[in-house]
Amino acid sequence: MDAKASDFLKQRLGQEGFDKLAKIDNPDLHTFIAKYVEHCNPAKIFVCADTPEDVKYIRDAAITNAEEAKLATPGHTIHFDNFHDQARDKEHTVILVPKGVDLGPTIRTGDRDECLKEIHEIMKDIMKGKELYIRFFCLGPTNSIFSIPVIQLTDSAYVAHSEDLLYRRGYEEFIRQGQKAQFFKMVHSAGELDERKTSKNLDKRRIYIDLQNNTVYSSNTQYGGNTIGLKKLSMRLAINRGSKEGWLTEHMLVMGVHGPKNRVTYFTGAFPSLCGKTSTAMLDNETIVGDDIAYLRKKEGEVHAVNVEKGMFGIIQGINSKDDPIQWKALHTPGELIVSNVLVTQERGAHWIGKDGEIPPKGYNHSGEWHKGKKDEKGNEITVSHPNARFTLSLENLENLDKALHDPDGVAVGGMVYGGRDSDTWVPVEESFDWTHGIITKGASLESETTAATLGKAGVRKFNLMSNLDFLSIPVGEYIQKNLDFAKDLEKTPLIFSVNYFLKDKEGNFLNEKTDKKVWYKWMELRAHNDVGAIDTPTGRIPKYEDLKKLFKEVLDKDYSEEDYKKQFMVRVPESLAKIDRIKEVYQTKVKDTPKILFDVLEEQRKRLLEAQKKHGDYISPDKFA
Ligand code: SPV
Ligand code: MN
């Protein structure tokens, strides 16, 4: 450590804190910490070296600071975000770029010099009177080719505590990597707090991502998606880094699907919000590796995936004992767990939208004192919990955790799944013809319909390629090309599938039960080993009726009728053609440098659809292709 940084840090951190830091041989780390200690100017500093006492210090601080409060169940706490700070702030989340760099119209960018100036002004002395928590974490398993060390500076004990549940501790990893560490740097301040200990100056809420320095600044916000540096903030840095190094960062779950004779085949899955991502990761009798973010790398000719995280920041709305027995149990078992923005009752229980039982008539929630019928300033009724209210826990608390979670090699991927909320186009499950066809017609063509739980009108299709649109830090065209190139030198290429849990008939009734998805995953598992055949249609390969009939019986003890099969797997030509038009339009008008092959593959698909239409009409029963 250079003498100046050393003197300064000793003075500000105290001997104990300084000694913890000095064990890590990395001058860049010391300089970075010194810079932001001086700039943010906290009253106190705590360096967490990941000992049980240090971790407890942060957990206790969240209570002492009143950022969290205890609930009746031992170990459970409640945290509130500001009433207007309940989701990711897309408008103020900005990728900083030097003059002349253009990432295309779908990515929010700002002039690097100007934004750095602005954020440093906002963050000047922002921690005055507060305690700064310094924590070390590791994205991906430790001691692995996937590992990325991250330093988090935050004045929120809630953020530092949440990260402890969600990420692998990294103090030892920083020591191990020493000067080699290519670490990410996070500076967060909740800013001034109001009497409810929620961020007060939301007008100065900013999330600025500096790719050049691998640094993210987050100010005047507490909501996890804006503050938990290792989640969506690091994700943007990792997408950028991976694009240079030949690996991928995807907004994907990772799960083990259990096949015949104790075989486990791993799948990854990308789904935009409210499309069944968590319920897929939590599927009965399967095992979860991760529910949100995956790194994919090539290893010995195969794709390997890791869960970047080790915990879950899950949506609590709708969780009930019948549909989500494992999460329900975890939410009712003593142990470390944070719930946010739900209702706290007088008995210090928690209640949320869609929970079993009656909604309590009153309590305390994200709006303060709450009673049934309470309205916000616009006259809209305030629900018992916020639709984006969450729970935070370690995956270790889930019964269905897969044993490979911390495997430094990750898991070999047999299949990748893309799914959206789609009432009328995609069949329930379909395999692509090959990797390129899958990346283009499934991943890069992903759309999802809005629901009543999102802002704006319901039922509007939103383009969201790979469900990664919000997090891209490289141009969309380049991102697609990197995905296409990824499979080039593989010996065993994962199959690519689409799923659609939301298909409806003309009368607006869902064509599938929630539990049917269990069968689709068993079918995909068999396909990954070539244990069942498939039928080629113009848009991809679909299951044969006999195979599904057998699986429905085995998995759900259900008699699956041929009539249901024909309705569900009918090729919908007009809708499929309309989708091609929409996707083409996006890539022609909103994306720079779309790889030409994307248009070619879409045009080939159109040709196949038109030929089939000529022969069989608009709506084609799957048996016509058998
Ligand atoms: C998502 O919105 O995709 C989430 C929650 O996983 S957040 O942390 O807000 O990104
Ligand atoms: Mn997510």
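Atoms within a ligand are numbered from 1 in the order they appear, just like the ligands themselves. Here the structure is a predicted model, which means the values were calculated and not measured.
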Ligand-residue contact atoms, ligand 1 with D292, heavy atoms, under 4.0 Å: 6 (O)
- line: closest protein heavy atom to atom 2 (O) of ligand 1 is R88 NH2, 2.9 Å
- request: Take the angle between the ring planes of H332 and W352 and call it parallel below 30°, perpendicular above 60°, tilted in between.
  value: tilted
message: Using a 4.0 Å cutoff against the non-hydrogen atoms of Y223, which atoms of ligand 1 qualify?
response: 5 (C), 7 (S), 9 (O)
H251-ligand 1 polar pair, N/O distance under 3.5 Å: yes
- prompt: Are the side chain of K232 and the backbone of F471 linked by a donor-acceptor contact shorter than 3.5 Å?
  reply: no
message: For a quick check under 3.5 Å, do H161 and D164 share a side-chain donor-acceptor pair by atom type?
response: no
field: Presence of salt bridge, K442 and E430, under 4.0 angstrom
entry: yes
- prompt: Can an N, O or S atom be found in K232 less than 2.8 Å away from the Mn ion (ligand 2)?
  reply: yes
field: S156 side chain to E67 side chain, donor-acceptor N/O pair below 3.5 angstrom
entry: yes
- request: Could you tell me which atoms of ligand 1, counted from 1 in the order shown, lie closer than 4.0 angstrom to a heavy atom of F313?
  value: 8 (O)
- prompt: Of all the atoms in ligand 1, which lie at a distance below 4.0 Å from a heavy atom belonging to K231?
  reply: 8 (O)
message: Please name the atom of D292, limited to N, O or S, that comes nearest to the Mn ion (ligand 2).
response: OD1
query: Any luck finding a side-chain donor-acceptor pair between D81 and T198 under 3.5 Å?
result: no
task: Say whether S321 and D356, considering side chains only, have a donor N or O and an acceptor N or O under 3.5 Å apart.
output: yes
task: Can you pull out the closest protein heavy atom to atom 6 (O) of ligand 1? Residue, atom name and distance to 0.1 Å, please.
output: K232 NZ, 2.7 Å
